[in-house]
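Heavy atoms only: backbone and side chains are in, while hydrogens, waters and symmetry mates are out. Below, chains carry the letters A, B, ... as their sequence lines are ordered, and counting in each starts from 1. These numbers come from a predicted model, not from an experiment.
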Amino acid sequence: MSAPSVTPIPITTISELKQHHSQLVRLGLASHPAHARRLLAFLARDPAGLPYAARLLAHHPDPHPALFNPLLASLPPRHAAAFLSLMLSLPLHPDHFTLPRILPAAPLPLAAQLHALLLKLNFHSHAHSFNALLAAYLANARADLAFRLFGGGGSSAVLDVVSWTTMVGGLCRLGLVDDARELFDGMPERNLISWNAMISGYVKAGRFLDALEVFDQMRATGLEGNGFVAASAVVACTGAGALARGREVHRWVEQSGIQMDAKLATAVVDMYCKCGSVEEAWRVFQRLPTKGLTSWNCMIGGLAVHGRCKDAIELFHQMEREDVAPDDVTLVNVLTACAHTGNVSGGRHYFDYIVQRYGIEPKMEHYGCMVDLFGRAGLLDEAKKVIDDMPMEPDIGVLGALFGACKIHRDLDLGEAIGWRVIELDPQNSGRYMLLANLLASAGRWGDVARVRQLMDERNVSKEAGRSVIEIDSEVCEFQCGTLRHPEEKEIFAMAKDMMRKIGLEGYAPDTSDVLHDVAEEAKEASLLYHSEKLAIAFGLLRTRPGDTMRVTKNLRVCRDCHEATKLISRVFEREIVVRDRNRFHHFRDGVCSCNDYW
DNA sequence: ATAGGGTTAG
């Protein structure tokens with residue numbers, strides 16, 4: 001029903017509102033729902049208007065909750081509470097929709113008050129109100145109160161699938177994934193939202209393999225998925241670096257008729273990129289009917305970390321031709337592509353060009369990219385100049401980029417000056433200490449190396465152990481630096497020795513410059529064999545044949561020695577070896593790496 | 001009232 005027409009007077013002040021109200025009263029229209037709602041909506045914007053709103057409701061012949069419920073959600077929690085207490089004093093009666101309107105944004109004291117009201121009104125057996133209260137406690141990080149309410153404490157609360165899912169999702173958000181899982185396993189009934197709450201909860205916690213396990217369980221129940229579940233599963237594969245599983249999920253999406261929208265497709269493109277297969281990413285990307293800005297960014301970034309600078313830049317121009325305007329992420333990705341290939345002039349050019357042509361304001365990360373670009377190329381003065389000239393104070397990331405460059409180019413003076421500063425700015429990051437220790441070690445400064453070690457001990461920072469994961473026939477195997485624990489450890493060790501012997505005949509010489517112990521050269525060389533990627537590759541050699549591709553994912557950066565060794569292994573054993581390290585991908589093939597030794 | 005899906009330097 002449309003409102004009876006009156007000249008629409010704009011309401012911007014309380015006096016205009018009063019004027020309008022009196023006109024409506026004269027016309028006998030003041031109580032018409034549409035007009036009353038408009039008046040109330042204005043009054044509700046300012047707490048000063050609440051008494052007026054209450055009077056208006058008090059004089060209304062039928063102050064139905066529908067009249068004031070819509071206002072409540074739009075009010076800030078404090079005002080909503082004030083308004084609610086006014087309503088109650090009139091007295092007007094809330095209905096089952098009233099509390100769920102206020103609860104989602106309610107801070108803790110208000111939530112507790114509403115809890116009391118809920119009990120008083122006997123709404124606790126009403127699922128909407130009860131679940132909203134549960135969500136409010138969880139949103140306030142009070143898992144304890146949520147558990148008490150959920151557990152019933154003797155109340156007659158009825159738990160439905162929403163209550164359970166609210167708990168699971170809320171606990172995951174609070175980082176209590178294991179508690180969430182326990183509840184999840186005990187759920188009397190689950191829907192797609194429940195399944196996805198658990199899967200995405202694991203993803204957020206970085207527990208990708210657990211996420212995939214739950215996803216498999218869901219499929220085993222015969223339930224059809226949807227786009228949300230698909231996205232979570234794809235992202236889990238991305239995080240795990242599990243290409244074979246990713247392909248499987250992709251196939252499942254296509255077979256189960258889930259709509260491949262731009263977001264899901266981009267997640268798939270990203271998965272293929274981050275799992276080491278740019279070719280498959282490219283195929284999905286090309287087939288996209290509509291490409292969002294993020295799809296372009298993702299593909300350009302994917303090419304960048306695979307060291308395919310030319311392709312990344314070519315794609316950027318294609319994006320321009322299709323009239324998609326780049327954003328700050330595009331700029332980061334294009335600069336990364338240049339930085340990873342030593343394309344200094346390209347980086348300079350695209351920085352200026354994109355900033356000027358598209359009016360993008362360069363941010364901290366863009367200056368960081370430029371520092372990285374110059375620094376990697378050995379132009380440390382240029383890199384320093386970027387920092388001196390940038391309009392803000394450099395953050396730890398920008399300084400870290402310069403520091404990393406000092407390490408690569410063995411600039412001891414600058415590196416030391418920045419290094420000690422960097423570890424003060426980022427005292428819990430073990431990688432920073434290791435970089436500094438490495439730099440000092442390469443100059444034979446063992447006393448200072450020990451000082452760095454001591455600082456780490458004092459601050460309880462421990463060195464992150466190198467870990468490499470290799471996926472063989474969908475089975476994921478992890479190796480840790482320094483230890484070899486595996487059912488086939490004898491065979492793997494023998495293969496590792498043989499592998500090193502064979503590449504030794506091809507000219508491999510151990511590079512111990514990154515080894516951090518002040519010990520005899522022989523001991524240093526021996527320790528290199530136990531680097532996690534060498535163990536993973538040895539295992540991969542046992543399980544693959546010449547011509548095959550093996551994929552290794554490493555948690556740290558590859559060291560020089562492993563990089564040299566892997567190049568030779570790819571040639572001697574005729575394998576393509578794809579290594580994803582902390583920063584980028586290396587494709588080893590026939591004795592050459594895609595990074596051209598620039599990384 | 002329950003999931004809330006994609007890209008970002010080092």
Side-chain angles (χ1 to χ4, degrees), chain A residues 96-97 99-101 103-104 126-136 138 160-170 172-173 190-201 203-204 226-236 238 258 261-271 273-274 288 291-302 304-305 326-340 347 362-373 375-376 394-405 407 422 426 429 431-432 435 557 582-584:
Chain A
H96 287 157
F97 296 103
L99 266 47
R101 293 250 169 210
L103 277 165
H126 185 257
H128 262 83
S129 310
F130 177 88
N131 292 335
L133 181 60
L134 208 50
L138 289 163
D160 62 5
V161 64
V162 178
S163 328
W164 286 85
T165 307
T166 302
M167 283 299 283
V168 169
C172 286
R173 241 171 290 130
R190 303 182 189 114
N191 60 23
L192 276 182
I193 299 178
S194 329
W195 283 101
N196 194 44
M198 194 67 245
I199 298 169
S200 71
V203 169
K204 264 178 262 153
N226 65 11
F228 282 99
V229 175
S232 300
V234 170
V235 173
T238 309
I258 290 170
D261 60 15
K263 281 186 175 180
L264 181 53
T266 305
V268 173
V269 168
D270 190 42
M271 180 275 291
C273 284
K274 297 228 169 89
L288 277 182
K291 301 178 178 73
L293 172 59
T294 314
S295 315
W296 289 97
N297 285 343
C298 191
M299 194 64 232
I300 292 172
V305 290
D327 68 355
D328 50 338
V329 177
T330 322
L331 179 55
V332 166
N333 291 348
V334 170
L335 294 177
T336 306
C338 296
H340 278 311
K363 293 197 292 199
M364 188 74 82
E365 55 265 43
H366 302 117
Y367 294 109
C369 290
M370 293 308 280
V371 170
D372 188 39
L373 173 83
R376 276 173 199 273
D395 69 357
I396 175 69
V398 175
L399 292 174
L402 183 57
F403 181 42
K407 157 74 173 59
V422 161
D426 198 3
N429 185 332
R432 313 279 191 202
L435 218 56
R557 281 183 45 163
R582 179 162 266 190
N583 292 334
R584 58 168 298 154

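Counting non-hydrogen atoms under 4.0 angstrom, A/D261 reaches a base of the nucleic acid. Base engagement by A/L264 is indicated by at least one non-hydrogen atom pair under 4.0 Å involving a base atom. Across all strands shown, A/G404 has no heavy atoms under 4.0 Å from either base or sugar-phosphate atoms. Counting any heavy atom pair closer than 4.0 Å across all strands shown, A/K274 reaches sugar-phosphate atoms only and no base atom. Using a 4.0 Å heavy-atom cutoff across all strands shown, A/H340 reaches sugar-phosphate atoms only and no base atom. No engagement by A/D327 is indicated, since no non-hydrogen atom pair under 4.0 Å with the nucleic acid exists. The residue A/S200 sits close only to the backbone: its heavy atoms come under 4.0 Å of sugar-phosphate atoms, none of a base. When heavy atoms are screened at a 4.0 angstrom cut-off, A/G169 is found touching no nucleic acid atom at all. Residue contacts shown for A/K407 are absent, as no nucleic acid heavy atom lies under 4.0 Å away. Residue contacts shown for A/S194 are absent, as no nucleic acid heavy atom lies under 4.0 Å away. Looking at heavy-atom distances under 4.0 Å, A/R376 makes contact with sugar-phosphate atoms alone, never a base. Residue-level contact check: A/R173 touches the backbone only, with heavy atoms under 4.0 Å from sugar-phosphate atoms and none from bases.
Shown here are the side chain to side chain contact (heavy atoms under 4.5 Å, CB included) partners of A/A265, two or more places apart in sequence or in another chain: A/M260, A/L288. A search for salt bridge (Lys or Arg N to Asp or Glu O under 4.0 Å) contacts involving A/D426 returns A/R432, not counting sequence neighbours. Not counting sequence neighbours, A/H366 has no partner by the ring pair (Phe, Tyr, Trp, His ring centres under 6.0 Å) test. Scored by the salt bridge (Lys or Arg N to Asp or Glu O under 4.0 Å) test, A/K291 finds no partners at all (sequence neighbours excluded).
Using a 4.5 Å cut-off on side-chain heavy atoms (C-beta onward), A/N131 and A/D160 make contact.
For the side-chain hydrogen bond (donor to acceptor under 3.5 Å, both in side chains) with A/N297, the lone residue among A/D270, A/D328, A/N333, A/D327 that qualifies is A/D327.
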List, one per line, each side-chain donor-acceptor pair under 3.5 Å for residues 190-197 of chain A, sequence neighbours excluded.
unit_1 : atom_1 : unit_2 : atom_2 : d
A/R190 : NE     : A/F184 : O      : 3.2
A/R190 : NH2    : A/F184 : O      : 3.0
A/R190 : NH2    : A/D185 : O      : 3.4
A/N191 : OD1    : A/I193 : N      : 3.0
A/N191 : OD1    : A/S194 : N      : 2.8
A/N191 : OD1    : A/S194 : OG     : 2.8
A/S194 : OG     : A/T165 : OG1    : 3.0
A/S194 : OG     : A/N191 : N      : 3.0
A/S194 : OG     : A/N191 : O      : 3.3
A/N196 : OD1    : A/S232 : OG     : 2.6

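Along DNA chain B, the stretch of nucleotides lying under 4.0 Å from any heavy atom of chain A spans, 5' to 3', B/dA1 to B/dG10.
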